[in-house]
Amino acid sequence: MPELPEVETTRRGISPYLIGHRIERLVVREPRLRWRIPASLPRKLARQTVRNVQRRAKYLILELDDGHLLCHLGMSGSLRIVEPASPPRKHDHYDIVLDSGKALRLHDPRRFGALIWTANPNTHALIKNLGPEPWDATAEYLHQRARGHKQSIKNFITDSRTLAGVGNIYAVEALFKAGIHPKRPAGRLSLERYQALLKAVVKVLERSIKMGGTTLRDFVSADGEPGYFRQVLSVYEREGEPCRRCQTPIRRVVLTARSTYFCPHCQH
DNA sequence: ACACTAACCTGCAAGC
DNA sequence: TGCTTGCAGGTTAGTG
C-alpha cells in the first residue's frame with residue numbers, strides 16, 4: 001500500500017486522537033508482523049502518554065514519555081481510529097487503546113508492517129541510513145550521489161538511502177512529469193534534469209497528500225476513507241492506455257521485479 | 001561498495 | 001465451479 005502520501009495522510013488523521021492522550025493498554029491479537037511484536041510491549045506502553053506523532057520516510061513515529069514507537073504499514077497496512085469494542089476483522093493485529101475511549105487499530109493482511117519500540121529512533125537501524133525527505137533534498141545532492149552509478153534512475157530514486165519515502169507509484173509518476181525514461185542510468189543525467197526531477201517528485205507527493213493519497217486496492221485513512229489520487233495518475237497502472245499528453249500508448253516494463261510505466265514518446 | 005535476487009505474506013483477478 | 005498462475009503500495013538479508 002502505502003507510500004509517503006498515504007503514511008502522511010494517516011499521520012494527519014490519527015494525530016488529533018493520539019497527541020496528549022494516555023495509552024491505557026496495547027491489545028495484540030496477531031503478533032506476527034515483519035517482526036513479531038514482543039510479548040513485553042504491552043507492559044512497556046501502558047500508562048504512557050503520546051507526546052507527538054511524526055513521520056520519517058514511511059515510518060510513523062509516536063513519541064512517548066519514555067522512548068518512541070515505530071509503526072510501519074508495509075504493503076497492505078492501514079491504521080484506523082475505532083471504538084475498542086468494535087469487533088475485530090481478520091488481520092486486525094493490534095489495538096492501542098487510549099484514555100479517550102478510542103483505539104488505534106492496525107489492519108495488515110500481508111503482515112509486512114511493523115511495531116517496534118526504540119529509545120532513540122535516530123540511531124535505530126531502520127532509520128539511521130535513510131536519505132533525506134524529498135523536501136529537504138537538493139538536486140546537487142542527487143546529481144553528486146548518482147555520479148558513477150549505472151543503475152536506472154528509477155531504482156536510484158526508490159532506494160531509501162538516496163531519498164526517503166519514494167515508492168513505486170510516485171517514482172514512476174514523477175519520472176513521467178520530468179520527462180525522464182525510467183531506465184536511464186542515474187549517473188548520466190544532468191544537474192538540470194535532477195532539478196526537474198526533484199521538483200516533480202515533490203509536486204507529485206504534495207498533490208497526492210492533498211487528495212488523501214492513492215487507494216489502489218485497500219488503503220484507507222484513519223477515518224476509513226480511501227484516497228483519490230488514483231484518478232489522476234498519469235502512467236501508473238495505465239499500460240496500453242493513451243498518454244494524457246500525446247496519446248501514445250503507455251508502456252510497462254519490469255525493473256527489479258517492479259512494474260514500471262512510462263510514455264515512450266514523452267520520456268527519454 | 002555496489003547491484004541484483006529472493007524472501008517475507010495474503011488476497012484477488014484472470015485464465016484454463 | 002474450481003484449480004493454477006501471476007501480481008500487488010515495502011524492505012531486508014543474502015549473494016556474487
Side-chain angles (χ1 to χ4, degrees), chain A residues 1-11 29-37 55-60 70-79 89-93 106-116 124-131 144-175 182-188 201 204-205 208-209 211-221 226-240 252-261:
Chain A
M1 83 122 246
E3 295 194 29
L4 189 155
E6 292 76 43
V7 177
E8 180 61 20
T9 296
T10 299
R11 189 189 70 79
R29 297 190 190 84
E30 172 48 89
R32 290 176 300 171
L33 287 171
R34 185 170 180 80
W35 296 277
R36 171 176 280 268
I37 299 173
R55 180 191 56 72
R56 177 77 172 98
K58 295 165 194 161
Y59 293 90
L60 288 166
L70 306 180
C71 311
H72 200 285
L73 302 177
M75 269 302 232
S76 60
S78 52
L79 279 167
R89 294 177 297 164
K90 196 178 175 183
H91 306 305
D92 280 351
H93 289 262
L106 176 77
H107 181 73
D108 184 10
R110 291 179 71 182
R111 291 197 221 142
F112 293 156
L115 185 68
I116 294 168
H124 193 278
L126 294 171
I127 303 288
K128 67 177 183 197
N129 294 321
L130 293 170
Q144 170 71 27
R145 189 181 160 90
R147 212 188 285 185
H149 282 241
K150 285 179 289 206
Q151 68 176 157
S152 68
I153 183 64
K154 193 240 183 175
N155 283 351
F156 179 68
I157 59 168
T158 51
D159 184 336
S160 63
R161 294 167 301 183
T162 303
L163 216 44
V166 180
N168 206 32
I169 298 178
Y170 299 103
V172 151
E173 290 293 309
L175 286 167
K183 280 188 171 174
R184 173 166 281 274
R188 289 191 39 242
V201 167
V204 163
L205 294 173
S208 181
I209 291 168
M211 298 179 75
T214 301
T215 297
L216 293 178
R217 280 157 267 280
D218 46 22
F219 173 73
V220 289
S221 60
Y228 296 100
F229 193 71
R230 187 181 192 180
Q231 297 169 3
V232 298
L233 290 172
S234 296
V235 288
Y236 188 82
E237 281 197 337
R238 296 194 64 240
E239 183 180 18
R252 183 181 86 101
V253 292
V254 177
L255 290 183
T256 56
R258 254 21 183 202
S259 284
T260 304
Y261 303 84

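Chain identifiers are assigned alphabetically (A, B, ...) following the order of the sequence lines, protein sequences preceding nucleic acid strands; residue numbering begins at 1 within each chain.
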> Which one, B/dG11, C/dA8, B/dC8, comes nearest to the side chain of A/R110?
Replying inline: C/dA8
> Do A/R217 and C/dG9 have a side chain to base donor-acceptor pair shorter than 3.5 Å?
Replying inline: yes
> What is the distance from CD1 of A/I169 to C1' of C/dG9, rounded to the nearest Å?
Replying inline: 5 Å
>> By nearest atom, which of the nucleotides C/dT12, B/dT10, C/dG9 is closest to the A/Y59 side chain?
In response: C/dT12
> Between A/H149 and B/dA3, does any side-chain N or O lie under 4.0 Å from OP1 or OP2?
Replying inline: yes
>> Rounded to whole Å, how long is the line connecting atom NZ of A/K183 with atom P of B/dA3?
In response: 17 Å
> Quick one: which of C/dG9, B/dC4, B/dT10 gets closest to the side chain of A/F219?
Replying inline: C/dG9
> Of the candidate nucleotides B/dT10, C/dT11, B/dA3, which contains the atom at the shortest distance from the side chain of A/Q151?
Replying inline: B/dA3
> Among B/dC4, C/dG9, C/dT12, which nucleotide sits nearest the side chain of A/N155?
Replying inline: B/dC4
>> Under a 3.5 Å distance rule, please check whether A/H91 uses its side chain to pair with a backbone N or O of A/D108 as donor and acceptor.
In response: no
> Between the side-chain atoms of A/R111 and the base atoms of B/dT10, is any donor-acceptor pair under 3.5 Å?
Replying inline: no
> Could you give the CZ-to-C1' distance, from A/F229 to C/dG9, as a whole number of Å?
Replying inline: 14 Å
>> Can you tell me which nucleotide in C/dC7, C/dT11, B/dC9 comes closest to the side chain of A/K58?
In response: C/dT11
> Rounded to the Å, how far apart are A/E239 CD and C/dG6 C1'?
Replying inline: 14 Å
>> Donor-acceptor pair, distance only, cut-off 3.5 Å: does the side chain of A/R34 make one with the backbone of A/H72?
In response: no
> Distance-only, no hydrogens or angles: does the A/R238 side chain make a donor-acceptor pair with backbone N or O of A/S234 under 3.5 Å?
Replying inline: yes
> For C/dG9, does either OP1 or OP2 sit under 4.0 Å from a side-chain N or O belonging to A/Y170?
Replying inline: no
> Which part of the nucleic acid does A/R32 contact within heavy-atom distance under 4.0 Å: base, sugar-phosphate only, or nothing?
Replying inline: nothing
>> Applying a 4.0 Å non-hydrogen cut-off, can you work out what A/T158 is touching in the nucleic acid: base, sugar-phosphate, or nothing?
In response: nothing
> How many Å lie between CG on A/L205 and P on C/dG9, as a whole number?
Replying inline: 16 Å
>> From C-beta outward on A/W35, which listed nucleotide comes closest to its side chain: B/dC8, C/dA8, C/dT12?
In response: C/dT12
>> If I take atom CG from residue A/L115 and atom NE2 from residue A/H93, how far apart are they, to the nearest 0.5 angstrom?
In response: 11.0 Å
> What does A/F156 touch in the nucleic acid at a heavy-atom separation under 4.0 angstrom: a base, only the sugar-phosphate, or nothing?
Replying inline: nothing
>> Please report the distance separating the P of C/dT11 from the corresponding atom of B/dC12, rounded so that it comes out in whole Å.
In response: 23 Å
> Does A/K90 put a side-chain nitrogen or oxygen below 4.0 Å from OP1 or OP2 of B/dG11?
Replying inline: yes
> If you check every side-chain atom of A/N168, which of C/dG9, B/dG11, C/dT12 has the closest atom?
Replying inline: C/dG9
>> How many whole angstroms separate atom NE2 of A/H107 from atom P of B/dC9?
In response: 17 Å
> Looking only at atom P, what distance separates B/dA3 and C/dG9, rounded to whole Å?
Replying inline: 22 Å
> Can you check the A/R145 CZ to B/dA1 P distance for me, whole Å?
Replying inline: 12 Å
>> If you take the centroid of each ring, where Trp contributes its six-membered ring, are A/F229 and A/Y236 closer together than 6.0 Å?
In response: no
>> Strictly below 4.0 Å, N to O, side chains only: are A/R217 and A/E237 in salt-bridge contact?
In response: yes
>> Looking only at the side chain of A/R252 (C-beta and beyond, no hydrogens), which of the listed nucleotides B/dT10, C/dA8, B/dC8 gets closest?
In response: C/dA8
>> Using modelled atom types and a 3.5 Å cut-off, is there a donor and acceptor pairing between side-chain atoms of A/E3 and backbone atoms of A/N168?
In response: yes
> With both distances under 3.5 angstrom, what nucleotide forms a Watson-Crick or G-U wobble pair with C/dC3?
Replying inline: B/dG15
> Is the phosphate of B/dC9, meaning OP1 or OP2, less than 4.0 Å from a side-chain N or O of A/S76?
Replying inline: no
> Taking a pair as Watson-Crick or G-U wobble with both distances under 3.5 Å, which nucleotide is matched to B/dC9?
Replying inline: none
>> What is the distance, to the nearest angstrom, from the CZ atom on A/F112 to the C1' atom on C/dT12?
In response: 11 Å
